[in-house]
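Remarks on the structure that follows.
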Amino acid sequence: MMKRFRYVSAAVFAAMMAGSGIARADANSTDEGLRVFKAANCVGCHKWTGAGGGGYGGAAANLRKTKLTLEQIELTIRCGRISKGMPHFDPDAYTDGRCYGMKASQLEPGRIPPEADHPLRQADIDAVAKYVVANIKGQGEATLDQCHSFFGAGSRVCDMYAKQDEGGTQHASAEQQETAETHHHMKVEAATDSNAPHQDAEK
Amino acid sequence: MVKNTCVAAAVALILGSAPAVFAADGVTPEQLLNADSDAGNWLTHHRDYAAQRFSPLNQINKDNVKNLHVAWTLQLGGIEGGGIWSHGGLEGTPLVENGFMYVTDGWGSVYKIDTKGGQAKVLWRMDPKTDHDWAGAVACCGVDNRGVALSGNLVLSHSLDGRLIATNKDTGQIAWQRQVADPDKSEVITGAPLVVKNMVITGVAGAEYGIRGWIAATDLTSQKEVWRTYTIPAKGEPGSETWKDSNNAAATGGGSTWVTGSYDPRTNTLFWGVGNPGPDWDSEYRPGDNLYTDSTLALDVDSGKIKWHFQHTPNDAFDYDSVAENVLADAPVHGQPRHLDLEADRNGFAYAVDRDNGQFVWGLPFVKKVTWTKGLDPETGKPVEYDPKLPVQKYNASVTPSKENPVTMICPGNMGGKNWPPTAYNPVLKQWYIPVIESCNRITVKPETPGKPVGKREFFTGGGPDQPVRITGSVTAIDVTTGKEVGKHETPFPMLGGLLTTPDLVFYGQPDGKVAALDAKTLQELWSFNTGGGVNAPPMTFTSDGKQYVAILVGQGGAWDKWFIESTPELKGMPPGSSLYVFSLN
């Protein structure tokens, strides 16, 4: 619950800054970046962990292992990646050469990065780039704490990390135990295998 | 002769008791057995146990359908995203009982709508409070829910996060629920439940994430599971010899079951389609035929025991699921009366098998272009290149994805010649209508490593598709008495919603918003209307106060706008939506 209050106060702080004429990006809040990371559906390809990975829609970059700088990440979000699946979140990216010195007319149709479903304002692009550098880049394997920071405690999405921790060196915190109890987790109670050979033997 | 016995039974029921008794007591097993002849209602997912999606209603017919117009619309919810999905969509078939309609939205909320008086009144909404992040992260292909089932005083539905939920039909309160699938194992549920006798039957999705698929039956009285049939046999079970590797590939072998099945009371048999093997595009990972993936299964409905199977694409390297409805039709084939099971497969071929024994009757390509095989063996129905002695099938080796051929165009594309959207069978004309995705797409193989643990809640596909060429669609008609194509109505976009047929019409929707009616004989277009939202759901028809309506859910969901949109560039930027359109004459 502590974390949630912190988000609220950060949001209030950001609103106050905006009201006093200070640009939102100057709040330097990675909480704002987290909001953008979710709202712009970065999760759709990079997953909440940023690890991306292969699969149905092709491989998305592993942001946990990225070597890009903050400026390069900002550029990639704004402009997308030529000939790749990463969309451009600046809607005007290829109108005037601001991205890689290229205009749409200079690119073959298949090479222009896809348009983002949710274009972002520059302040949002800056905030999410900062979030990636502060919270994802250089992080190792995803942890239960990181999962709870991302999702809060209301979803079972973090359970797989909790279960892994049980067998490892970490111990479930009081907060985790409380979460598990409040979820009232239902379990699958499956019938036995209809086609198991021993059922034939019983006949 | 399913039809005739049902008609006789329905007449007996009508003579024997007043319909009001049903209304008070709820939907009975007898009503479900006779759903085909219950003209004004649509009581089960595919309208009847034979999954024909044929309605005898003919107030709307080819002479007056041009006058069809919007009677009312209703905005629904469930549009929000979750997990890897930016939005939900609508793939459901509404059910109607005595003027009350039951629909679901993408996240599984159930709405009860009173349609009487020519307008919509929402009586209740049951929100299952689906765990968006838990389930949406492992839903391979969208935030979808295909509808409900009715039994007694209960409305039965699934949630994406793996629950079977029974809701009180009068109050909208959850009566009971149980966990059937486990999203921790990447199992989710998108299909509509099927009620047979006192059981409700559930299928599962997740073959892109290394699940071992199953079909499960829950007893409606005890609320306990009474059988579970795995679509990938355990070691020692028949079929396990078709997994020839030494790395236990069967444990993550796929075989989803997310399209609702059909049921033949004459033989007490449940028919259910099974999806692709995993990893989808790395067939060398899993040498052998990989039963029962890409198969139709016939099960004893009381025990779940497998009676027979018919596999369409052994050792699939294409993602050619047989997750499809199996349509049960009684018709003469070349003069011989047959009990047929009809299935339009993602591999581009339509099949008729004898549903009493699984023997192949006829097969034909229903798409314009097939490149992965030269055709079907006329005796066995297997692809002609199929060699049971080969551990890894090559089919047309210049097309089939493999380590040697890692970037390859396949036709049909991996969405299939037909995906989940249901076919419709007209028993008057003995014509079967298929909603076709006329497609090719490009597969890039990225082999998985045998013996390496499969990532938990991670894609396990062995590669992926992309879309370098345009994809279109068609409604293709097949004469089941000959197994020949008798018509093709081409459409600019793929068929992502499915079909309805009435005595002389076929209805469909398109992802650009168009809903249309065709002449069932000529496939000539007689009427259309643009709903302004992507249609991704099948049309249905019913009566309310004695008047016929056609209903269809509107709101693009599924995987199309995330992974296939490049093949339909005009649909880029089409916003998601969530609404119900209902049409009538005057």
Side-chain angles (χ1 to χ4, degrees), chain A residues 38-49 51-60 84-85 87 91 109-110 112 114-119 142 147 150-152 154-164 183-200 203, chain B residues 81 83-86 131-134 137 140-141 161-163 177-184 187 208 214 216-217 224-230 233-234 236-239 280 299-300 303-306 444 446 455-461 463-466 468 559 561-563 565-566 572-573:
Chain A
K38 290 178 178 177
N41 197 30
C42 304
V43 178
C45 299
H46 293 287
K47 315 292 170 58
W48 77 266
T49 59
Y56 213 90
K84 299 281 186 182
I112 305 172
E115 267 179 59
D117 284 342
H118 307 276
C147 189
F150 194 90
F151 290 108
S155 169
R156 294 174 72 170
V157 66
C158 299
D159 287 10
M160 61 181 278
Y161 301 101
K163 281 173 192 162
Q164 281 172 356
H183 278 175
H184 301 297
H185 286 185
M186 293 194 296
K187 300 264 187 236
V188 178
E189 290 176 23
T192 52
D193 184 346
S194 309
N195 292 282
H198 68 268
Q199 294 190 337
D200 284 334
K203 271 191 179 173
Chain B
I84 63 171
W85 297 97
S86 60
D131 190 332
H132 288 34
D133 294 312
W134 190 38
C140 82
C141 302
D161 61 12
R163 286 171 290 157
Q177 56 181 319
R178 64 174 292 254
Q179 194 78 34
V180 188
D182 184 359
D184 275 349
E187 296 174 346
E208 274 63 49
W214 45 261
K224 304 269 192 237
E225 193 167 300
V226 288
W227 54 257
R228 181 170 290 224
T229 296
Y230 291 89
E237 292 181 14
D280 304 45
L299 310 177
D300 179 278
S303 68
K305 280 254 179 209
I306 296 172
T444 302
K446 298 207 167 136
K456 201 171 179 187
R457 286 169 53 88
E458 295 285 344
F459 269 126
F460 180 63
T461 56
D466 71 312
D561 64 349
K562 188 175 173 81
W563 288 320
I565 197 74
E566 296 297 326
K572 279 184 192 176

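Just so it is clear: chains get the letters A, B, ... in the order the sequence lines come, proteins before strands, and each one is counted from 1. Only this structure's heavy atoms are used, side chains among them; waters, hydrogens and symmetry mates stay out. These numbers were taken from a predicted model, which means no experiment stands behind them.
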Write down the atom of [X], the atom of [Y], and the distance for their closest heavy-atom approach.
X	Y	value
A234(B)	D193(A)	CB-OD2, 4.1 Å
D131(B)	G154(A)	OD2-O, 4.4 Å
E189(A)	E225(B)	O-CB, 3.8 Å
G236(B)	P197(A)	O-CG, 3.7 Å

Checklist entry - Does any heavy atom of chain B fall under 4.5 Å from the side chain of H118(A), the backbone, both, or neither of them? => result side chain
To the closest 0.5 Å, what do you measure between [atom1] ([X]) and [atom2] ([Y])?
X	Y	atom1	atom2	value
W48(A)	D133(B)	CH2	CG	11.0 Å
K305(B)	N195(A)	NZ	CG	5.5 Å
Q177(B)	M186(A)	CD	CE	4.0 Å
S194(A)	E237(B)	OG	CD	9.0 Å
N41(A)	I84(B)	CG	CD1	8.5 Å
Y161(A)	K456(B)	OH	NZ	10.0 Å

Checklist entry - Within a reach of under 6.0 Å around NZ of K38(A), are more than 12 heavy atoms found that belong to other residues, nucleotides or ligands? => result yes
Next on the checklist: Does Q179(B) have more than 12 heavy atoms from other residues, nucleotides or ligands lying within 6.0 Å of its CD?
Outcome noted: yes
Between [X] and chain A, which part of the residue has a heavy atom less than 4.5 Å away: side chain, backbone, both or neither?
X	value
W563(B)	side chain
K572(B)	neither
E187(B)	neither
E208(B)	side chain
A181(B)	backbone

Checklist entry - Could you walk me through whether R156(A) and D161(B) pass the side-chain contact (heavy atoms from CB on, under 4.5 Å) check? => result CA-CA 10 Å; R156(A) 294 174 72 170; D161(B) 61 12; over 6 Å; no
Checklist entry - When only pairs under 4.5 Å are counted, which of D300(B), D466(B), T444(B), T461(B) shares the most heavy-atom pairs with chain A? => result T461(B)
